[in-house]
2 protein chains.
Amino acid sequence: MISKKTKYGIKALVYVAKHKHKETVQVSLIADTQNISPKYLEAIMLTLKKAGFLGSKKGKGGGYYLRRPPEDIKMVEVMRVLEGPVAMVPCVSLNFYEKCDDCPSEDFCSVNRLMIQLRDSSLAVLNKTTIADLVV
Amino acid sequence: MISKKTKYGIKALVYVAKHKHKETVQVSLIADTQNISPKYLEAIMLTLKKAGFLGSKKGKGGGYYLRRPPEDIKMVEVMRVLEGPVAMVPCVSLNFYEKCDDCPSEDFCSVNRLMIQLRDSSLAVLNKTTIADLVV
DNA sequence: TTTAAATCCTATAGGTATAGTAGGATTTAA
DNA sequence: TTAAATCCTACTATACCTATAGGATTTAAA
């Protein structure tokens, strides 16, 4: 299960992507139309900005805009920023690798190989899908 | 990320599957060899028993055994029992469906379609893999 | 110059799930 | 009778999620 943070973040990115390049979109507008808690969404937008997906303009008439063309933003990047690793165990994560405390060797771990397959099947989807694909 | 419960549960099933049919395997042995907290594993084994994967024998010389041939136990069943839904959002779950509070319509939800693709790619892996495949 | 609108930032709280632990009840082979 | 094993209930500690609160800062426009 993905977190609401991830779900909200994707919805917000798609919403912003529907607007013209550099046209600012306010958090309050996104929150209203997408049924998201405004303050919570604020924090999510900050995260997406720090990750480089969004730019912002402060003050009256300000808001957020996409910094990259939507067709260039792969969902795998978005997921890693919002949700974390694509892999379901740290020991098969490409970007967030960690050794398991309980496994003496990954080569002989029964779970390991299954998780690699799941990771790769998810990566295939997330690598070929972009924000532009989610804009209807 | 899957829970340790799921990881431990899979390892335990695979461990039991390596033994002869109806030969009992003790929780303490699995816990020792797989580096799992014995009491925690106890609870997991109970879950797997109630789900029909394992049978048990109480008392001295007792333990757990597989109730079904390992090549008949699909990983998708195991995952659903231990981890819950395969889908990453309830609104695309086949076995644990729930409507989203925030979405007025699933047809127009940008997240929905991506999550269906992720679900199906995971299902493809989990449907074709069995416990027997994880036994080396 | 003032005001309102907007992002930005920190701290905190409440709820829930995870990963156990504790202690005993029950069953069974030897 | 004893020891070994599953079975069962209840509890705890920690971390994470989902916000909320309150303000600081910046900016356009009146």
Side-chain angles (χ1 to χ4, degrees), chain A residues 1-9 11-12 16 19 22-32 34-51 53-67 81-85 88-90 96 98 100-102, chain B residues 1-12 16 19 22-32 34-51 53-67 82-85 88-90 96 98 100-102:
Chain A
M1 289 282 151
I2 58 169
S3 60
K4 294 203 171 177
K5 179 179 161 192
T6 299
K7 189 184 180 189
Y8 294 163
K11 283 191 171 186
V16 173
H19 291 72
K22 284 260 178 177
E23 183 183 329
T24 58
V25 184
Q26 288 77 48
V27 170
S28 58
L29 177 62
I30 306 175
D32 279 354
Q34 306 298 310
N35 292 309
I36 305 172
S37 151
K39 279 300 230 178
Y40 191 34
L41 184 56
E42 245 184 43
I44 298 170
M45 298 303 271
L46 258 306
T47 302
L48 292 171
K49 188 201 166 183
K50 282 173 185 161
F53 299 122
L54 295 173
S56 67
K57 228 184 119 189
K58 284 172 115 180
K60 196 168 183 175
Y64 289 93
Y65 56 88
L66 273 194
R67 287 191 58 190
V81 165
L82 292 170
E83 190 68 18
M88 297 181 89
V89 283
F96 300 81
E98 265 181 66
C100 300
D101 346 318
D102 54 317
Chain B
M1 287 281 152
I2 57 168
S3 60
K4 294 202 170 179
K5 179 180 160 191
T6 299
K7 188 184 180 190
Y8 294 163
I10 296 174
K11 283 191 172 187
V16 173
H19 291 72
K22 285 262 178 178
E23 183 183 329
T24 59
V25 184
Q26 288 79 46
V27 170
S28 58
L29 177 62
I30 305 175
D32 279 353
Q34 306 298 309
N35 292 309
I36 305 171
S37 150
K39 280 299 231 177
Y40 192 34
L41 184 56
E42 246 184 42
I44 298 169
M45 297 302 273
L46 257 308
T47 302
L48 293 171
K49 188 201 166 183
K50 282 173 184 160
F53 300 122
L54 296 173
S56 66
K57 228 182 119 190
K58 284 172 116 180
K60 196 167 184 175
Y64 289 94
Y65 55 89
L66 273 194
R67 286 191 58 190
L82 292 170
E83 190 67 18
M88 296 181 89
V89 283
F96 300 82
E98 264 180 67
C100 302
D101 346 317
D102 54 316

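All chains are named by letter (A, B, ...) in the order of the sequence lines, taking the proteins before the strands, and each is independently numbered beginning at 1.
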May I ask you to evaluate whether [X] reaches the phosphate of [N], defined as a side-chain N or O under 4.0 Å from OP1 or OP2?
X	N	answer
A:Tyr8	D:dT18	no
A:Tyr64	C:dC8	yes
A:Ser28	C:dA5	no
A:Ser37	D:dT18	no

**Prompt:** If you measure from the Lys or Arg side-chain nitrogens to the Asp or Glu carboxylate oxygens, is any gap between A:Asp102 and B:Lys11 under 4.0 Å?
**Reply:** yes

Measure from the side chain of [X], starting at C-beta and using heavy atoms only, and say which of [options] lies closest.
X	options	answer
B:Ser3	C:dC8, C:dA19, C:dA29	C:dA19
A:Ser56	D:dT27, C:dT7, D:dC7	C:dT7
B:Lys49	C:dC8, C:dA5, D:dC7	D:dC7
A:Gln26	D:dC7, D:dA19, C:dA6	C:dA6
B:Tyr40	D:dC7, C:dA5, C:dT21	C:dT21
A:Val27	C:dT7, C:dG20, C:dC9	C:dT7
B:Lys60	D:dC8, D:dT18, C:dA29	C:dA29

**Complete:** When every non-hydrogen atom of B:Glu83 is compared with those of B:Ile2, the smallest separation belongs to OE2-CA, 3.6 Å

**Asked** Of the non-hydrogen atoms in A:Thr24 and A:Lys57, which two are nearest, and what is the gap between them?
**Response** CG2-CB, 4.1 Å

**Request:** Report yes or no: does A:Glu42 contribute a side-chain atom to a donor-acceptor pair with the main-chain N or O of A:Val27 at less than 3.5 Å?
**Result:** no

**Request:** Spell out, as yes or no, whether a donor-acceptor pair under 3.5 Å connects the side chain of A:Gln34 to the backbone of A:Ala12.
**Result:** no

Gap between atoms [atom1] and [atom2], on [X] and [N] respectively (whole Å):
X	N	atom1	atom2	result
A:Glu42	D:dA19	CD	P	14 Å
A:Lys58	C:dC8	NZ	C1'	5 Å
B:Leu82	C:dA19	CG	P	12 Å
A:Glu83	D:dT18	CD	P	9 Å
A:Met45	C:dC8	CE	C1'	13 Å
B:Ile44	C:dT18	CD1	P	12 Å
A:Asp32	C:dA6	CG	P	11 Å
A:Leu29	C:dA5	CG	P	15 Å

**Request:** Using a heavy-atom cut-off of under 4.0 Å over every strand shown, decide if B:Lys39 touches base, sugar-phosphate, or nothing.
**Result:** base

**Asked** Where each residue is assigned the nucleotide of DNA chain D containing its nearest heavy atom, which of A:Gly59 and A:Thr6 is assigned the position nearer the 5′ end?
**Response** A:Thr6

Partner nucleotide, any strand, of [N] [Watson-Crick/G-U, under 3.5 Å]:
N	result
C:dT18	D:dA13
D:dT18	C:dA13
C:dT28	D:dA3

**Item:** Short side-chain donor-acceptor distance under 3.5 Å, A:Ser56 and A:Lys49
**Value:** yes

